[in-house]
Amino acid sequence: MHPAFSVIFLTTLIGVGQGLFLALYTGQLYSVVKVLPVQDSPGFYGVGSLIAVAFLIAGLFASFFHLGHPERAWRSAARWRTSWLSREVIVLPAFTGMVALYGLVHYSGLNPVLFTFRETFQVDLSLLIGAVATLLAFTLFLCTGMIYACIKFLQEWATPLTVVNYTLLGSASGFTLATAFAAWHGSGLTSFYGGWAILLTVLAFVTRVAALIRNARIRHKSSLQTAIGVRHVRIEQKSQGFMAGSFNTREFFHGAPTTVFRLIKWTFLVLVFPVPVFLLAIGLGAQAAVVFLAAFAVQYLGLIAERWFFFAQSNHPQNLYYQTV
Amino acid sequence: MKQLALVIDLNVCVGCHACVTSCKEWNTSGTAGYLADMNPFGKDPTGTFFNRVMTFEVGEFPNTETVHFPKSCLHCEDPPCVPVCPTGASYKRDEDGIVLVDYDKCIGCKYCSWACPYGVRELDEHQKVMKKCTLCVDRIYDESLPEAERKPACVLACPTSARLFGDVNDPDSEAATAIRERGGYQLMPEWGTKPANHYLPRRRTRITIHEDELVRADNPLKKERQLPMPDKDEQTLDDVTSW
Ligand code: SF4
Ligand code: SF4
């Protein structure tokens with residue numbers, strides 16, 4: 001497939017937003033059960049949510065460049081019963097709204113305690129909103145992943161690993177950003193987030209490499225034989241019926257030379273996983289916000305390469321019909 | 001249920017592209033807007049077509065066959081392109097099984113083209129919406145046309161009659177009969193899309209005759225010559241079997 005930058009930015013940016021929110025909420029949950037110190041609401045959760053919302057909106061903005069008719073985008077909420085894309089279109093704004101509300105409640109201090117659990121654990125409004133938003137965050141990961149995983153003949157994508165990778169890669173980058181944010185804010189959560197970021201990155205490494213191994217061994221079900229229905233071992237296309245390009249020759253081929261293709265694979269394997277883990281580890285030692293920020297920047301760059309590769313690697317069966325001019 | 005479709009006979013298609021040009025001509029002149037042709041005389045011309053004819057070579061030189069292969073939307077009975085559309089712009093008609101795109105609803109997200117294994121949907125560079133074969137839906141029901149012309153433009157244009165049009169679910173139709181009797185098959189059956197368009201395979205036009213088939217091996221007179229003709233009134237084996 002041809003990797004479109006609009007979709008690359010959409011999926012990576014919202015992944016960061018989702019991950020960052022999950023990090024904030026995890027921090028709050030831990031502090032409610034008194035494992036971690038309580039943070040100051042407006043400064044930490046308020047500003048943190050604002051950053052998450054900014055990432056989500058940037059992603060949404062990028063997605064509009066993918067459309068031929070962005071002004072009709074509202075129509076895409078219509079078919080949520082059958083289309084994962086439609087479901088994503090609904091869940092993304094809902095999630096963004098919830099995170100914004102979560103931030104607002106923290107920032108404004110309008111955060112009444114709703115009830116107290118076992119006399120010690122105070123459940124306030126933000127905790128409830130956060131729970132809903134968490135549910136939406138995971139639903140969004142599911143929707144985004146399923147958009148790709150549900151097309152069964154794009155065999156590189158049609159695996160549960162696609163959803164798992166979207167979830168883990170998004171969470172990892174979000175937790176890395178949360179580490180940098182916590183360090184910059186000077187809160188005591190830096191080590192907590194840093195540890196999670198390393199763990200998630202390592203987990204994402206395992207599942208992403210699993211997907212790479214799976215895809216390297218894939219046997220494509222369609223062949224020229226099934227494509228034109230002629231049972232002969234040797235079939236060669238001599239003409240595709242037109243000499244210039246068409247939508248079919250542009251949308252479904254990445255067009256990069258093999259060396260570039262391989263280079264991008266190794267780039268993302270290095271930038272997304274070992275480098276950020278290394279930087280996070282250094283940062284945790286030195287407690288320096290700059291190092292964490294660098295870890296995030298490197299990981300995000302790597303994710304752009306990762307997403308490019310994700311698209312470029314998948315082979316559409318329609319390509320069988322468009323091999324020679 | 002009614003399912004209109006094309007049946008394309010690869011045995012007689014000569015790859016003349018008459019269906020391509022007549023399709024373009026008809027569909028670029030309709031009320032739905034023209035089919036874009038960008039830079040038609042420039043360096044990188046590109047355009048929207050509903051139908052394209054490809055050419056394949058089968059076999060090893062010198063024993064090769066050239067197969068011309070016209071391809072347009074197959075109007076699948078279980079179209080994977082329809083449920084993925086977020087707006088409902090892509091839909092399949094209940095009354096005749098034609099898969100269409102509502103150009104006024106389409107947002108041009110291209111998701112349906114990803115979900116079609118056959119590569120027959122094309123995003124129009126001019127209107128920025130997804131386009132594909134409509135089976136000339138604006139022609140086949142047009143009562144102002146003589147009945148014989150209420151067929152897709154490609155079918156009318158084909159000089160070798162390689163394209164049959166009809167309801168593949170009506171066993172008496174020309175299309176269904178051809179599929180049944182001439183080994184009609186579907187493309188990429190492995191994905192369960194159940195394409196309504198079928199293709200008729202190449203047929204052998206050579207017969208092999210061995211020498212002993214020309215000379216009666218079991219001639220009791222051991223000589224090849226005319227057997228004594230039976231008498232006019234004599235019963236022959238033909239009379240026996242034609243009771
Ligand atoms: S051939 Fe492609 S576009 Fe046409 S109905 Fe089937 S899946 Fe849809
Ligand atoms: S490009 Fe148009 S028809 Fe295709 S899925 Fe998107 S909205 Fe539906």
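Residue numbering restarts at 1 for every chain, and letters A, B, ... go by the order of the sequence lines. Side-chain atoms are counted along with the backbone in the values below, which use heavy atoms only and exclude waters and symmetry mates. Values in this document were obtained by computation on a predicted structure and should not be read as measured data.
- Proximity of a side-chain donor or acceptor of B/Y111 to a complementary backbone N or O of A/S83 within less than 3.5 Å is not detected.
- Once rounded to the nearest 0.5 Å, the distance linking CH2 of B/W114 with NE2 of A/H2 reads 10.0 Å.
- If you measure heavy-atom distances from B/V58 to chain A, the contacts under 4.5 Å come from both the backbone and the side chain.
- Among B/A115, B/P45, B/G59, the residue with the largest count of heavy-atom pairs under 4.5 Å with chain A is B/G59.
- Between B/E57 atom CD and A/I235 atom CD1 the span is 11.0 Å, to the nearest 0.5 Å.
- Neither the backbone nor the side chain of B/E65 has a heavy atom closer than 4.5 Å to any heavy atom of chain A.
- Per-residue heavy-atom pair counts under 4.5 Å with chain B were compared for A/I147, A/V89, A/T324, and the maximum is reached by A/I147.
- Put simply, the side chain of B/M188 reaches to within 4.5 Å of the side chain of A/L320, judged on heavy atoms.
- Residues A/R72 and B/I107 approach most closely at O-CG2, 3.2 Å, considering heavy atoms.
- Nearest heavy-atom pair across A/S222 and B/E190 is OG-OE2, 2.6 Å.
- With respect to chain A, the highest number of heavy-atom pairs below 4.5 Å among B/P201, B/G192, B/G108 belongs to B/G108.
- Within the 4.5 angstrom heavy-atom criterion, no atom of B/Y199 approaches chain A.
- Proximity of B/W191 to A/K221: side-chain heavy atoms (C-beta onward) are separated by under 4.5 Å at one or more points.
- Using modelled atom types, no side-chain atom of B/T87 and backbone atom of A/S76 make a donor-acceptor pair closer than 3.5 Å.
- Contact of B/S113 with chain A is made through backbone and side chain together, with heavy-atom distances under 4.5 Å.
- For the atom pair CZ (B/F69) and CD (A/Q240), the distance works out to 13.5 Å, reported to the nearest 0.5 Å.
- Of the atoms belonging to B/C85, it is backbone heavy atoms, and not side-chain ones, that fall under 4.5 Å from chain A.
- Using a 4.5 Å heavy-atom cutoff, the side chains of B/F56 and A/L224 are in contact.
- The cationic group of B/K71 lies under 6.0 Å from the six-membered ring centre of A/Y321 and within 45° of the ring axis, placing it in a cation-pi geometry.
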Evaluate the salt bridge (charged side-chain N to carboxylate O under 4.0 Å, His left out) criterion for residues A/R250 and B/E122: first the C-alpha distance (whole Å), next the side-chain angles of each, then the deciding distance (0.1 Å), finally the verdict. CA-CA 10 Å; A/R250 290 187 295 268; B/E122 302 191 8; over 6 Å; no

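- Listed by sequence position, A/F311, A/H316, A/P317, A/Q318 are the residues of residues 308-318 of chain A in contact with chain B, using a 4.5 angstrom heavy-atom cutoff.
- In this structure, NE2 on A/H232 lies 8.0 Å from CD on B/E60, to the nearest 0.5 angstrom.
- Neither the backbone nor the side chain of B/R202 comes within contact range of chain A; no heavy atoms are under 4.5 Å apart.
- In this structure, chain A has a heavy atom under 4.5 Å from the side chain of B/P80, while its backbone stays farther away.
- Relative to the six-membered ring of A/F242, B/R52 meets both conditions, a distance below 6.0 Å and an angle of at most 45° to the axis.
- No side-chain donor-acceptor contact under 3.5 Å links B/T55 to the backbone of A/S239.
- Rounding to the nearest 0.5 Å places OG1 of B/T193 at 8.0 Å from NZ of A/K152.
- Side-chain contact between A/Y322 and B/M54 is present, with heavy atoms from C-beta onward closer than 4.5 Å.
- Within the 4.5 angstrom heavy-atom criterion, no atom of B/M38 approaches chain A.
- Side chain of A/H69 to main chain of B/C109: no donor-acceptor pair is present (N/O by atom type, distance under 3.5 Å, no hydrogens or angles).
- Contacts between A/I228 and chain B at a heavy-atom distance below 4.5 Å involve backbone atoms as well as side-chain atoms.
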